[in-house]
Each structure stands twice: as C-alpha cells, then as structure tokens.
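Indexing begins at 1, ligand by ligand and atom by atom, following the structure's order.
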Amino acid sequence: MPGEARKPATVSKLRKMKQDRQPIAMVTAYDYPSAKLAEEAGADIVLVGDSLGNVVLGYDTTIPVTLEDMLHHTKAVTRGAKQTFIVTDMPFLTYHGSIDATLQHAGRLMREGMPQALKLEGGAEIAPTVHTLTQAGIPVMGHLGLTPQSVHQIGGYKVQGKSAEQAQKLLQDALALEQAGAFAIVLELVVEDVAEWISKQLAVPTIGIGAGAGCDGQVLVFHDLLKYDAGGPAKKFVQTYANIGETIRGGIAQYVEDVKLRKFPQQKHAFQGDNETLTSLYGKS
Ligand SMILES: Nc1nc(=O)c2c([nH]1)NC[C@@H]1CN(c3ccc(C(=O)N[C@@H](CCC(=O)O)C(=O)O)cc3)CN21
Ligand SMILES: CC(C)C(=O)C(=O)O
Ligand SMILES: [Mg+2]
C-alpha cells in the first residue's frame, strides 16, 4: 500500500515463502521512480536487471552493459525502494576472471549500489564463484535456462530444456548452485514441466520468466508488463497490465499541441511582478 511501512523480504523469508507455497513476485526497476512505484505496489523483490541495456539504454543485447551502468542504476533503485529486497545483476564478464577481480566487482556493487543481493548467470561452471561470494556474506541469486549474456553462444533467445538431456543438465546446474549457496534461482524460458520438476527438487525458490506456473515465483521486466516502449515484438510469456507508453506519448502530444496553439501556458502558470517594476521598465503608463 502506498506510504505504508512494509517489512522487506529476506533470504530466509523467501525460502519460507516457498515452503508455505506463497508465490514470490519480482519485477525489474531501473531508476528512482520505477523502484518507488514497485515498492508501493508490493513487489517482494526488485531486480535491477542488466535488461536495462535493452529497455533503458537501447542496446540489442545485455552484453554492452558495464559495471558503471549497473552501479548508476542500482544507486537510483536503492534510493527509491528502501523497504524492498533489491537484487542487482552482475554484468557480462565481471565474474569470469580471477576471484580477486570478481570480488572487486561484487564489492563495488554491494558498497556503492547497496543492493541486498547479486544475480549471476550460469550453472555448475560458476558454482565455485557463487560459493566464494556467499562465503563473503553476499546473497547470490542464480539464473539458468536462457542466459542472455550467452546469447551468441546459445544462438538466439530460444526455449531451454526441450530434450531430456538438456533438462537433466538444468537440474544438475540448479542443484550445483543451491549447493554453492544460492538463495534463489531464476529460470528463464524453460519448458514448463521441466521448470516445475526442478522447482520441486530444490529447497530454494525458483523464480520463473517464461517458465510457467510451476515456479515458486515470477519475474517480468518493468517495460514489458507496463508496455513502456515504442514496441518491439510482443513476447509470448508477457502479460501487459498497463499501456504507459501510449499514456506518455498521448500526454506529450497534447503538450506539444497546446504550446503550438498557445493554449499553454495560461496566466495561472506564470508569475507576476509588481507594478513599480513594470513602470520603471516601460515608463509611465
Ligand atoms: N524487454 C526485455 N524483456 C525481457 O524479458 C528481457 C530483456 N528485455 N532483455 C534481456 C532478456 C532477454 N530476454 C528474452 C528475449 C527474447 C525472447 C524471445 O524472443 N522469446 C520468444 C520465444 C522464443 C522461442 O520460441 O524459442 C517469445 O515469443 O516469447 C525471450 C526472452 C529476456 N530478457
Ligand atoms: C529477465 C530478468 C531475470 C533479468 O535477468 C533481467 O531483467 O536482466
Ligand atoms: Mg539479467
């Protein structure tokens, strides 16, 4: 509820939500107002997704997104949603070098951005990294299935877990992440039955996007669920709950028209000086 104090989620509360079969609602946000609105709307988790590369910065992929980009946006989000559990994506290639470099990058995100947790894409191959970060006191969210930072290796934004072999690999990766200390795992664009099957075998919650109703929570991109962009192909897994793009375009169009027709500003929008000043400027009237 707007203005009402609400207790933020914690890693242990999120696990309890799974045990109690209470769905977890996560949404992305990228700046102060979107974070504030997501908090007021009651989101359990706000994700500062590297999808900001697509929806805020206009890139085709998340690959160009830098640590500085993530810091800039995370700072705004944490200022906007002070009572919400905030997760920030570690961007492309900031957690695949030395453990020192990874800790340096994670440290900057945690100290300067001040989220509650970090999210990393990948499975068993990054489990040692997840272990190191969690041992250092940083909650880590995993991300499996379609991992957009590997889009060129995957060969497109394709549904994952279609073969029995792929499904087994996803399960092994999920178990490896859980074992390494991940507190939750995003399953992106995973076949519904496979996502449900994995969710049942984990103690930690899964959060699905395009992974069906069998996950323990759901996440959508802010701009997708509110239709806040110029278009782009509609994704099958998205439900749109508002059309703020149309609202914004209409509002600006009305303003432009009013300026051109001299309907704006009106007298009530302007500030009047005192008569003596006017007299001194224009001479005696
Ligand atoms: N605006 C936005 N929304 C997202 O959900 C999102 C991003 N950007 N950027 C980062 C990743 C990339 N994601 C994507 C991108 C494309 C598809 C896509 O084309 N999906 C097709 C299905 C593909 C298939 O059938 O194999 C679809 O119709 O949903 C899905 C997820 C999810 N993430
Ligand atoms: C789609 C979600 C899970 C994400 O990683 C992002 O928004 O960057
Ligand atoms: Mg992401």
Proximal ligand 2 atoms for G49, defined as those under 4.0 Å from one of its heavy atoms: 6 (C), 7 (O), 8 (O)

Contact partition for L220 relative to ligand 1, non-hydrogen atoms under 4.0 Å: neither

S51: numbered ligand 2 atoms lying under 4.0 Å from its heavy atoms: 6 (C), 7 (O), 8 (O)

Protein heavy-atom partner closest to atom 1 (C) of ligand 2 - residue, atom, separation in Å: I209 CD1, 3.7 Å

Heavy atom of the protein closest to atom 30 (C) of ligand 1 (residue, atom name, distance): F237 CE2, 3.5 Å

Verify atom 21 (C) of ligand 1: protein non-hydrogen atom under 4.0 angstrom away: no

Nearest protein heavy atom with distance in Å, relative to atom 6 (C) of ligand 1: V221 CG2, 4.0 Å

Heavy-atom nearest neighbour in the protein, as seen from atom 9 (N) of ligand 1, with distance rounded to 0.1 Å: N54 OD1, 3.2 Å

K158: numbered ligand 1 atoms lying under 4.0 Å from its heavy atoms: 26 (O)

Where P205 and D216 come nearest, the two heavy atoms and their spacing: CA-OD2, 3.4 Å

Residue and atom name of the nearest protein heavy atom (relative to atom 2 (C) of ligand 2), distance in Å to one decimal: L47 CD2, 3.6 Å

Geometric class of the F183/F85 ring pair [parallel <30°, tilted 30-60°, perpendicular >60°]: perpendicular

Top protein contact for atom 27 (C) of ligand 1, by heavy-atom distance: K236 N, 3.7 Å

Heavy-atom donor-acceptor pair, T28 side chain to F222 backbone, under 3.5 Å: yes

Test item: V48 and V87 side chains (from C-beta on) under 4.5 Å apart, heavy atoms: no

Contact (N/O only, under 3.5 Å) between Y30 and ligand 2: no

Contact atoms of ligand 2, heavy-atom distance to T28 under 4.0 Å: 7 (O)

Atom name, D89 (N, O or S, nearest to the Mg ion (ligand 3)): OD2

Ligand 1 N/O within reach of V55 N/O, cut-off under 3.5 Å: no

Atom 7 (C) of ligand 1 - nearest protein heavy atom and its distance: S51 CB, 3.9 Å

Pair F264 and H269, ring centroids less than 6.0 Å apart: yes

Structural part of V159 in contact with ligand 1, heavy atom criterion under 4.0 angstrom: both

Region of T62 that comes within reach of ligand 2 [heavy atoms, distance under 4.0 Å]: neither

Enumerated ligand 2 atoms positioned under 4.0 Å from heavy atoms of H143: 3 (C), 5 (O)

Proximity to ligand 1 by part of I209, non-hydrogen separation under 4.0 Å: side chain

Shortest heavy-atom approach to atom 2 (C) of ligand 1 - which of L225, L189, D60, D224: D224

Heavy atom of the protein closest to atom 11 (C) of ligand 1 (residue, atom name, distance): P148 CG, 3.5 Å

Atom 23 (C) of ligand 1: the protein heavy-atom neighbour that sits closest, reported with distance to 0.1 Å: Y157 O, 3.2 Å

Per-atom contacts of ligand 2 with D89, taking only distances under 4.0 Å to non-hydrogen atoms: 4 (C), 5 (O), 6 (C), 8 (O)

Pair K36 + E40, salt bridge at N-O below 4.0 Å: yes

Minimum-distance protein heavy atom relative to atom 5 (O) of ligand 2: K119 NZ, 2.7 Å

Atom 33 (N) of ligand 1: the protein heavy-atom neighbour that sits closest, reported with distance to 0.1 Å: E188 OE2, 3.6 Å

Of all N/O/S atoms in D50, the name of the one nearest the Mg ion (ligand 3): OD1

